[in-house]
Amino acid sequence: MSFLRRRKQLLLVASALLAPTVFFYTRAHGSDHADTVENVQRPGADLTDVYMFPSKEDPNNVVLVMNAHPLIPAGQGGTVSFDPNVLYQFHIDNTGDGVEDMVIQAKFTGTGANQTVQIAGPTKPTSLGPVSSFLTPHATTGTLNQAFSPVAGMKVFAGPRKDPFFFDLERFVQILPDRGAPAGLTPEPSNPNAPQKTSFRGFPQTEPGAGPPKDFLANFNVLSIVIELPKSMLQRGTSGA
Amino acid sequence: MRRTLPIFVVGVLALAGWGLKAWRSTLASSAVQAAAAPSVSRAPYNPALTHQTVEFWAAQARSDPQGSIALANLSHWYLRSYRETGDMADVTRAEKAARHAIAIRPLNYDAWADVARSLMTQHRFTEALVAAKWADAINPQDAPARPLRAETYMELGDYRAAHHVLYDKPIKPTDTNAKALRARLWEIEGNPAMALNLLQQAQAEADRNLDMPPESVAWYHMRVGNILAAMGRATAAAQAYQAGLKLFPADYRCMTALAKLMAGQGDWQGAIHWGQQAAAIVPTPEVLALIGDAEAAEGHQQEASHQYQLVEAIGTLARSQGVIYDRQRALFYADHNRHLDEALTLASHELKARKDIYAYDTYAWACYKKGLIPQAQAAMQHALAHHTKDASLYYHAGMIAYAHGDKITAKNYLTQALNTNPYFHPFEPRQARALLAKLG
């Protein structure tokens, strides 16, 4: 299911602009599910959302969240694993040059309910960009669905959680068809590139009978990696834990 | 050595309204570590999961009658259910759900692709090609669309078009589907070594993808086994089939392949064992005939006769449910000198539906059994036109040449058959050896 290609393109463009020019006090909204064929075939490597926000419990802490493996049907979270062949990484730029200065890595071993996770970092990466190798992990290994502390001050949770994104996807693809119109084939739909709908459901201007908006993702889970740690561990001048 | 492939996804989201100037952004990535990564055991196959997921998507579709995405996914899962159980009703359900999705949103690549897959499974190849072209035209960038078209061309026997589609653009290393289809083309074009190499690459990639359904991974093992078997490498082929069964224990295709392999080697008890296992899941005419042949070889004529009757009953029953076993039935009738008129009719139907080399071969074999030797020869020329190294084709060609009085050609083809794969059939290799002995 690769229905979000257009949104993916938009999101990437937006992200590229946001990163260098918008510093703080700004929220970036977005989510991306099953956006390429490769990701559809390998959902364990498909990141849907990344969040970063201050901890509610401790103002000195920051929380990083990475969600992967979209579209896990409700009730099936226990049947899905993080991909042990994937290295999950947060890249952190604390100097504003758009280049990561630190990484936090999560690496999983095994599959199913017995899957374990090791955390490395925050620490300086040995190489920049998309090619990376797993750095020396902290000694403490965690298991799925149980918060643990790989190193003093840091708390980690990894496991299935409800997909936090809200999106009337069915309506969206009727407003913005995400596919090109084929030429020379019959039966040709009449004006196939024209939006079938002009507004989301639940808005005053929406046509009668459209009904309320529907959150397509309401019944789906994702696999979450949640890390809470002191802000000081990520600030400039630190070399991480 | 650990190696990483390029990042699959990069997302940049940060700065949620709190002021710490130092943190400009976070960037998250997932990099797939491939090749040398240690093998990880998969979660065991859970037969209930597919059913649960079908129910889930059906409920999703019901919850939003204006939606098309859930319907396309429902179609996709019906097809997966069919592959796991052989229940043809799932294929018609898949087609219905996908067409419903298209009615709601015409430019729906996923739904068109599933319509094409459904139609292909129903042997409605010409209609499948139209649907595959739609899928390809709607979304020419996506990798699966082109292999889907290529697969349809191959079923229709248009290998040139299939070649063009498959080689028009480079394929990604992770595109196991395109690799498998290229391998199939190499096999047809008489290069099984190249086919095996490509398929083993695809299988290794499938093995690494823990998110690929067990049934799909098992399919790659089965295809590797099929090529090994066709090359006469029976032990390696059996290992490949066993590996497939380990991944997907209900794989009736691997069981059938094992039954065939063992029957070819004269291991009649083994053939009966695996044949019965397969028939308990999906009783295809092919596997029932194999059991019958093995029973006959063991001297159990009554049981053999029972299995042969089942072949006929299942064949007829299946057709009424939309399952097309015309080719298997025609070959069974021809191999066993039964209902030869019907064999010819079935083979003719097959040739009208698709003109691949095996449709020509089946028609040639039915003609031969009916004594229509010139027609058999003409059809066999089409079957051999691509220089496919297939022992069954060579055997049929040899027998037809002998019937025509061309002893030298017959000898050549029969020798080729046995050299290519001495285990290609339960009893035909023995007949080939007998005729070769007679020819001197």
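No hydrogens, no waters, no symmetry mates; every other heavy atom, side chains included, goes into these values. A, B, ... follow the sequence lines: proteins, then strands. Residue 1 opens every chain.
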Student: To check you understand the geometry: which heavy-atom pair defines the closest contact between B/Asn209 and A/Arg42, and what is its length?
Tutor: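 Residues B/Asn209 and A/Arg42, closest heavy atoms: OD1-CG, 3.8 Å.
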Student: Can a donor-acceptor pair be found, under 3.5 Å and without considering hydrogens, that links the side chain of A/Asn85 to the backbone of B/Arg208?
Tutor: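 Pair found, side chain donor or acceptor close to backbone of B/Arg208.
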Student: Side chain, backbone, both or neither: which part of B/Ser216 has a non-hydrogen atom closer than 4.5 Å to chain A?
Tutor: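 It is neither, since no heavy atom gets under 4.5 Å.
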Student: Kindly indicate whether the side chain of A/Pro73, heavy atoms from C-beta on, has any atom under 4.5 Å from the side chain of B/Gln52.
Tutor: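 Not in contact.
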Student: Is it the side chain or the backbone of B/Ala113 that comes within 4.5 Å of chain A heavy atoms, both, or neither?
Tutor: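 Nothing of B/Ala113, per the 4.5 Å heavy-atom cut-off to chain A.
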Student: With a 4.5 Å heavy-atom cut-off, do B/Ile104 and A/Gln174 have their side chains touching?
Tutor: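 Yes, their side chains come closer than 4.5 Å.
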Student: With a 4.5 angstrom heavy-atom cut-off, is it the side chain or the backbone of A/Glu100 that approaches chain B, or both, or neither?
Tutor: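 Neither; nothing under 4.5 Å.
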Student: Between B/Phe56 and A/Phe220, what is the ring plane arrangement, given parallel below 30°, perpendicular above 60°, and tilted in between?
Tutor: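 Ring orientation, 0 to 90° scale: perpendicular.
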Student: Do you know which of A/Ala68, A/Ala210, A/Gly75 has the most heavy-atom pairs under 4.5 Å to chain B?
Tutor: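 Of the options given, most contacts go to A/Ala210.
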Student: List for me each residue that meets side chain to side chain contact (heavy atoms under 4.5 Å, CB included) alongside B/Ala116, sequence neighbours excluded, and say none if there are none.
Tutor: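 Checked B/Ala116 against side chain to side chain contact (heavy atoms under 4.5 Å, CB included); matches are B/Ala131, B/Ala132, B/Leu148.
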Student: Please state whether the side chain, the backbone, both or neither of B/Gln60 comes within less than 4.5 Å of a heavy atom of chain A.
Tutor: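 Just its side chain gets close to chain A.
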Student: Sort out for me which residue in A/Arg171, A/Glu170, A/Lys214 forms a side-chain contact (heavy atoms from CB on, under 4.5 Å) with B/Gln66.
Tutor: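 It is A/Arg171; the other options fail the test.
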Student: I'd like to know if A/Arg201 pairs up with B/Asp64 as an ion pair, taking the criterion as any Lys NZ or Arg NE/NH1/NH2 lying under 4.0 Å from an Asp or Glu carboxylate oxygen.
Tutor: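 Yes.
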Student: Return the minimal non-hydrogen interatomic distance between B/Ile69 and A/Phe216, and the atom names on each side.
Tutor: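 Looking at all heavy atoms of both residues, the shortest contact is CG2-CZ, 3.6 Å.
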Student: How close do A/Pro84 and B/Leu210 get, counting heavy atoms only, and between which atoms?
Tutor: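 Closest heavy-atom pair between A/Pro84 and B/Leu210: CD-CD1, 3.1 Å.
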Student: Going by salt bridge (charged side-chain N to carboxylate O under 4.0 Å, His left out), name the residues that satisfy it together with B/Glu95, two or more places apart in sequence or in a different chain.
Tutor: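 Residues passing salt bridge (charged side-chain N to carboxylate O under 4.0 Å, His left out) with B/Glu95: B/Arg99, B/Arg124.
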